[in-house]
Structures are given as structure tokens and as C-alpha cells.
Amino acid sequence: MEKQMTYNVAVVGATGAVGQQIISLLEERNFPIKELKLLASARSAGKTVPFKGKEVVIEEAKPESFEGVDFALFSAGGAISKVLAPEAARRGAVVIDNTSAFRMDPEVPLVVPEVNMHAAHKHNGIIANPNCSTIQMVAALKPLYDRYGIDRIIVSTYQAVSGAGASAINELLTQSREVLDGKEATANILPVSKLPVHHQIAFNAIPQIDVFTENGFTYEEMKMVNETKKIMEDDNILVSATCVRIPVVYGHSEAVYVELKEDYDLAEVKALLAEAPGVVLQDDPEAQVYPLATDATGKLDVFVGRVRRDLHHPRGLHLWIVSDNLLKGAAWNTVQIAEELVKANK
Ligand code: NAP
Ligand code: 3JM
């Protein structure tokens with residue numbers, strides 16, 4: 001039997017909410033690793049993380065860390081990626097970057113394997129992983145785009161706190177306890193922004209994710225607009241988004257309204273979704289079956305339900321799309337791209 005190639009893999013942001021999931025996936029999926037390098041800030045250097053029964057020591061991420069690295073999986077924030085991803089690529093690594101640093105760079109492919117893996121093969125050393133809310137939406141809409149075309153998308157998101165990192169998870173849990181104990185909730189993290197203004201997330205809904213842009217939409221909302229066009233390779237799709245943080249720990253939910261270009265048959269739409277790779281149709285209203293964040297947690301798929309015709313627009317369609325934001329929305333999409341590159345390398 002042919003001996004399988006193995007690769008030196010670096011995880012940047014190894015102690016973070018996304019980095020931890022990347023490490024688990026590399027182990028669970030038995031990614032062909034020669035050596036695993038775990039990188040984070042100087043604060044974490046010297047700590048250890050278990051991997052395949054051994055303890056791996058975390059090192060501070062520096063340009064020299066990437067010597068000999070084949071795959072560098074980045075999730076330590078945009079500022080770190082801007083500095084270190086080009087350093088890794090220059091040393092011959094293929095970077096798969098989870099931040100927004102390079103997503104709209106025309107030289108950098110923005111990839112969801114079920115939608116546009118072909119783009120990944122044309123990389124110049126860096127491949128960008130889209131925003132979590134974009135990934136699950138385009139994965140579910142791609143089969144409908146291919147069959148009918150899409151004129152416009154209006155989406156409202158219900159996003160889990162884990163999308164804002166380990167500290168936001170902690171904030172929701174702490175505040176929930178405080179409120180239940182009759183105390184005032186202390187807000188230090190959400191919404192994440194440059195202003196020293198934070199709101200209670202426990203028992204609340206915050207209509208701000210990332211900071212505001214000049215047009216009144218937030219960056220998170222504009223990520224959904226711009227990234228969808230780039231991944232679908234169609235600048236004519238009209239996308240409008242409202243992104244809302246809710247007190248859920250894992251799993252983003254989305255109410256999506258789409259106007260298709262061509263007339264559609266509802267049964268055919270459901271059949272297309274049921275067959276789509278990486279998508280699971282969960283749609284049985286009579287039995288109260290539809291996707292739930294709690295069910296999607298820990299799973300790699302994108303779940304779709306509440307599929308129904310609009311009451312007014314003849315080509316309008318409504319869907320409810322749920323996925324684990326740290327898995328398909330981040331860590332799994334990253335590892336999946338790496339797996340596909342390895343397969344193509346054979
Ligand atoms: P997190 O839980 O706060 O973790 C942040 C990670 O970055 C930690 O490992 C931290 O290491 C590391 N880090 C911070 N400063 C660093 C430095 N100067 N040098 C090296 N490493 C440093 O955040 P997260 O939720 O995992 O998210 C991390 C990043 O991934 C985000 O900032 C975002 O850009 C991206 N992300 C993308 C998606 C997506 O939709 N694709 C979703 C979530 C996050 P220490 O523990 O040593 O501080
Ligand atoms: C998700 O520090 C940073 O730049 C991270 C901000 C961030 C992002 C981003 O813009 O890269 C936090 C959480 C994302 C994302 O996926 O877009």
C-alpha cells in the first residue's frame with residue numbers, strides 16, 4: 001500500500017475557542033500530521049495541550065515559528081494574521097486564515113468547500129475562511145443558486161456568544177448566574193467594539209455584532225453581504241443582513257428570505273436541500289421538527305428547516321438555517337479545506 005504523506009501543521013490561536021476546536025478536529029479526523037505546532041501569545045507559552053495522548057507545549061507565535069510548516073491554521077484575530085500569515089506563506093506554508101484580514105483581498109480565495117473548492121486550488125499561499133454566518137448560509141443556498149439563481153437575500157441572524165471568543169462565553173454564564181441571584185449583571189465584553197460601552201447579554205438580544213460602518217450596517221452584516229458575493233462569484237446578488245447576538249452558547253441560527261430568479265417547486269427545493277453535501281434537511285412542522293442550536297452543537301453539518309413559500313412574492317422562499325458556529329462556521333471549514341488540499345495532493 002502507498003505510504004500516506006504527512007504534514008507539519010501549525011495552529012495559531014491554539015488556546016482560543018476556535019483553536020481548541022481545530023485541535024480536536026485534527027485529532028478526531030486523524031489528519032495526516034508529522035508534527036503539530038501549537039502557537040499563541042507569550043501569555044500561553046509553556047502551557048501544554050493534550051493531542052493524541054501526548055502533551056504538546058504551546059509556543060509564542062513568531063515569524064520563525066513557521067519554518068518547515070506545511071499548513072498554518074490561523075485564528076488569533078485579524079491583527080495577528082496581517083503580520084504573521086504572510087510570514088508563514090513566505091516560508092512555504094499554506095495558510096488557512098479564520099479572520100477577516102484577507103477575505104476581500106482579490107489575490108486570496110475565500111472558500112467554503114461545498115460551494116467553491118475550485119477557488120482554493122488557485123491560492124498564492126493564503127486561503128481565507130469566511131465569517132461563520134456567511135458559511136452556513138451559502139452552504140445551504142448553493143444548491144438553490146445552481147438550480148434557480150438568486151436575486152436577493154434578506155437575513156436576520158441569532159448568533160451564539162462563542163462567536164465572540166472564550167471571554168464572551170464566560171460573560172454569558174457569569175451574567176446568567178448574577179441575574180438569577182438577583183444581582184446586577186456586569187457587562188465587560190459584548191458587544192465587542194472600541195467603545196467602552198457594553199450591554200447585558202444574559203436574557204437579552206443585542207442587535208450589534210462587530211462595529212458600525214458608515215451606512216448604518218455593522219461590519220458583521222457587511223461581511224455577509226460582501227463575502228456571499230465573492231464565494232458565489234456573483235456581484236449581482238442583493239444581500240441585506242441584521243446580525244443579532246443572543247444568549248446561546250453554541251450554534252448560530254438564521255432566518256433567511258431568498259428571492260429566486262426562476263419559479264420553483266417547493267418539493268423540489270426540499271429534495272435539493274436533502275441531497276446537498278454538508279446540508280441536512282430537518283423539516284417536519286407537524287411533528288415540530290426543525291433545526292435547533294442545541295441539536296446542531298458538536299455536529300459538522302448545516303441544518304435547514306421551516307422551508308416555506310413567501311405569502312406574497314411568487315419566487316420568495318423562507319428558510320431557517322442552523323449550524324455550530326465554531327465547527328462549520330470556523331474550525332471544521334478550515335480543517336475541511338486542508339483535508340481537500342491533501343486529497344488533491346495525492
Ligand atoms: P479567543 O477564544 O479569544 O482566542 C484568541 C486566541 O488568539 C487565543 O489563542 C490567544 O492566545 C490568541 N492570541 C491573542 N493574541 C495573540 C498574539 N499576540 N499572538 C498570538 N496569539 C494571540 O477567540 P476565538 O473565538 O478563538 O477567535 C479567534 C479569532 O478567530 C477571532 O479573533 C477571529 O478573527 C477568528 N474567528 C473567526 C470566525 C469565523 O467566523 N470564521 C469565528 C470566530 C473567530 P492567548 O490565550 O495566549 O491569549
Ligand atoms: C469573528 O481581533 C479581531 O480582528 C477579530 C474580530 C473577529 C472576527 C474578524 O473580523 O476576523 C471576531 C470574531 C470574526 C470573523 O470571523 O469575521
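Side-chain atoms are counted along with the backbone in the values below, which use heavy atoms only and exclude waters and symmetry mates. When a residue number appears, it is its place in the shown sequence, counting from 1. We count ligands from 1, going down the list as the structure has it; atoms in each ligand are counted the same way. These numbers were taken from a predicted model, which means no experiment stands behind them.
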- What is the ring orientation for Tyr7 with Phe31, classed by angle as parallel under 30°, tilted 30 to 60°, or perpendicular over 60°? tilted

- Heavy atoms from other residues, nucleotides or ligands near OH of Tyr219 exceed 12 (cutoff 6.0 Å):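 No, not enclosed.
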
- Does Phe74 have its ring centroid less than 6.0 Å away from the ring centroid of Phe66?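 Yes, ring centres under 6.0 Å apart.
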
- Item | Lys NZ or Arg CZ of Arg152 over Tyr257 ring: under 6.0 Å, within 45° |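 Judged by the rule, Arg152 and Tyr257 form no cation-pi pair.
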
Identify, by atom number and element, the atoms of ligand 1 in contact range of [X], meaning under 4.0 Å from any of its heavy atoms.
| X | answer |
| --- | --- |
| Thr99 | 34 (O) |
| Gly165 | 2 (O), 23 (O), 25 (O) |
| Gly163 | 43 (C) |
| Thr15 | 8 (C), 9 (O), 10 (C), 11 (O), 45 (P), 46 (O), 47 (O) |
| Arg43 | 14 (C), 15 (N), 48 (O) |
| Ser44 | 45 (P), 46 (O), 47 (O) |
| Asn129 | 41 (N) |

- Query: For atom 37 (C) of ligand 1, what is the nearest protein heavy atom, given as residue, atom name and distance?
  - Reply: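 Nearest protein contact, heavy atoms only, for atom 37 (C) of ligand 1 is Asn98 O, 2.9 Å.
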
- Task: Please tell me if the side chains of Lys328 and Leu300 come closer than 4.5 Å, counting only heavy atoms from C-beta onward.
- Result: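 No, too far: nothing below the 4.5 Å cut-off.
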
Could you work out, for [atom], the closest of [options] by heavy-atom distance?
| atom | options | answer |
| --- | --- | --- |
| atom 16 (C) of ligand 1 | Gly19, Ser41, Cys132, Ala330 | Ser41 |
| atom 12 (C) of ligand 1 | Gly16, Ser75, Ala76 | Ala76 |
| atom 29 (C) of ligand 1 | Ser65, Ala101, Gly77, Ala14 | Gly77 |

Would you say [X] contacts ligand 1, with heavy atoms under 4.0 Å as the rule?
| X | value |
| --- | --- |
| Pro130 | yes |
| Arg103 | yes |
| Gly329 | yes |

- Query: So which bit of Ile80 gets within less than 4.0 Å of ligand 1, heavy atoms only: side chain, backbone, both or neither?
  - Reply: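 It is the side chain that touches ligand 1; the backbone stays farther off.
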
Charged N to carboxylate O under 4.0 angstrom, [X] versus [Y]?
| X | Y | result |
| --- | --- | --- |
| Arg91 | Glu87 | yes |
| Arg245 | Glu220 | no |
| Lys230 | Glu227 | no |
| Lys142 | Asp146 | yes |

- Task: Working to the nearest 0.5 Å, report the span between CD of Gln136 and CG of Leu141.
- Result: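 The CG atom of Leu141 is 10.5 Å from CD of Gln136, to the nearest 0.5 Å.
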
- Message: I need the Leu172 CG to Gln200 CD distance, nearest 0.5 Å.
- Response: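 Between Leu172 CG and Gln200 CD, I get 10.0 Å after rounding to 0.5 Å.
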
For ligand 2, list all ligand N or O to protein N or O distances below 3.5 Å, rounded to 0.1 Å.
from     : atom 1 : to     : atom 2 : distance (Å)
ligand 2 : 4 (O)  : Gly78  : N      : 3.0
ligand 2 : 10 (O) : Ser100 : OG     : 2.6
ligand 2 : 10 (O) : Lys223 : NZ     : 3.0
ligand 2 : 11 (O) : Ser100 : N      : 2.8
ligand 2 : 11 (O) : Ser100 : OG     : 3.2
ligand 2 : 16 (O) : Arg103 : NH2    : 2.7
ligand 2 : 16 (O) : Asn131 : ND2    : 3.4
ligand 2 : 17 (O) : Arg103 : NH1    : 2.7
ligand 2 : 17 (O) : Arg103 : NH2    : 3.3
ligand 2 : 17 (O) : Asn131 : ND2    : 3.3
ligand 2 : 17 (O) : Lys223 : NZ     : 2.7

- Item | Nearest atoms (heavy-atom pairs only) where Ala101 meets Lys82 |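 Nearest pair, atom of Ala101 first, then Lys82: CB-CG, 3.8 Å.
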
